[in-house]
S.K.: 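Have a look at this one before I ask anything.
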Protein chains: 2
Amino acid sequence: MLYNVQVKVMPLKDLLDPQGKAVQNGLSSLGLSNVKDVRIGKHITLQIEAPNEDAAKTAADEAGKKLLANPVMEYYEIELVN
Amino acid sequence: MLYNVQVKVMPLKDLLDPQGKAVQNGLSSLGLSNVKDVRIGKHITLQIEAPNEDAAKTAADEAGKKLLANPVMEYYEIELVN
């Protein structure tokens with residue numbers, strides 16, 4: 001079966017996110033000064049062929065570890081969607 | 001109050017996603033050939049100071065329209081988190 005797995009890769013909470021800061025300043029210039037913090041990461045959707053949900057999650061976890069996230073700077077979260 | 005709004009910005013479904021295709025090939029080389037499709041977008045978390053949920057969503061929507069997404073190539077989805 002084909003499973004749709006969403007992987008969210010974000011900069012670690014303790015790290016500065018200069019891209020997010022730049023976007024925050026941009027939003028402020030556009031009149032959206034009520035946006036107090038911005039952090040930017042990646043959103044990855046995977047279509048995984050697997051026999052069951054657990055196998056799909058395991059494959060997504062392996063993908064996150066091996067390629068999608070750099071653990072020095074990022075963490076990732078996996079979510080299975082119907 | 002401070003609201004945590006998650007914005008997902010993804011390439012339009014009808015468009016090719018070369019970055020996703022490259023990652024799919026990379027995963028395949030790493031032995032994850034059961035990943036059949038990969039699409040990569042941005043995940044943005046906004047901390048918005050607003051009087052209520054609706055105002056926070058409206059501000060996030062404005063941010064999406066004005067700066068976060070390029071409507072020619074991308075669509076965005078907004079989700080309010082507790």
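Proteins come first, then strands; the chains are lettered A, B, ... in the order of their sequence lines, and each starts at number 1. Because only heavy atoms are used, hydrogens play no part in the values below, and waters and symmetry mates are left out as well, while side chains stay in. What you are looking at is a predicted structure, and each value in this text was computed from that prediction instead of being measured.
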S.K.: Considering all heavy atoms of both residues, which atom of A:I78 and which atom of A:K57 are nearest to each other, and what is their separation?
M.R.: CD1-O, 4.3 Å
S.K.: What closest approach, in Å, do A:L16 and A:P18 show between heavy atoms, and which atom pair accounts for it?
M.R.: O-CD, 3.5 Å
S.K.: Does A:R39 reach the side chain of B:I44, with side-chain heavy atoms less than 4.5 Å apart?
M.R.: no
S.K.: Looking at B:I48, B:V7, B:V5, B:D17, which one has more heavy-atom pairs under 4.5 Å with chain A than the rest?
M.R.: B:I48
S.K.: Quick check for you: among B:V35, B:L27, B:D37, which has the greatest number of heavy-atom pairs under 4.5 Å with chain A?
M.R.: B:D37
S.K.: Run the side-chain contact (heavy atoms from CB on, under 4.5 Å) check on A:Y75 and A:M10 step by step: do they pass?
M.R.: CA-CA 6 Å; A:Y75 69 95; A:M10 297 297 290; 3.7 Å; yes
S.K.: Where does A:Q6 contact chain B at under 4.5 Å (heavy atoms): side chain, backbone, both or neither?
M.R.: side chain
S.K.: Sort B:A50 into side chain, backbone, both or neither according to what part of it lies under 4.5 angstrom from a heavy atom of chain A.
M.R.: neither
S.K.: Output the option from B:L32, B:T45, B:V38 having the highest count of non-hydrogen pairs under 4.5 Å with chain A.
M.R.: B:T45
S.K.: Can you name the nearest heavy-atom pair linking B:L80 to B:A56, along with the distance?
M.R.: CD1-CB, 4.1 Å
S.K.: So which of A:L30, A:N4, A:V9, A:L2 has the largest heavy-atom pair count under 4.5 angstrom toward chain B?
M.R.: A:L30
S.K.: How close do B:N34 and A:A59 get, heavy atom to heavy atom, and via which atoms?
M.R.: ND2-CB, 3.9 Å
S.K.: Determine which residues belonging to residues 60-74 of chain B lie within contact range of chain A, meaning some heavy atom pair is under 4.5 Å apart, and list them by number or answer 'none'.
M.R.: B:E62, B:A63, B:K66, B:L67, B:L68
S.K.: Please classify the contact between B:L46 and chain A as side chain, backbone, both or neither, with a heavy-atom cut-off of under 4.5 Å.
M.R.: both
S.K.: Ring pair (Phe, Tyr, Trp, His ring centres under 6.0 Å): which pairs involve residues 10-65 of chain A, sequence neighbours left out?
M.R.: A:H43-B:H43
S.K.: Going by an N to O cut-off under 4.0 Å, is there a salt bridge joining B:E49 and A:K36?
M.R.: no
S.K.: Indicate yes or no: at least one non-hydrogen side-chain atom of A:Y3 is less than 4.5 angstrom from one of A:E53.
M.R.: yes
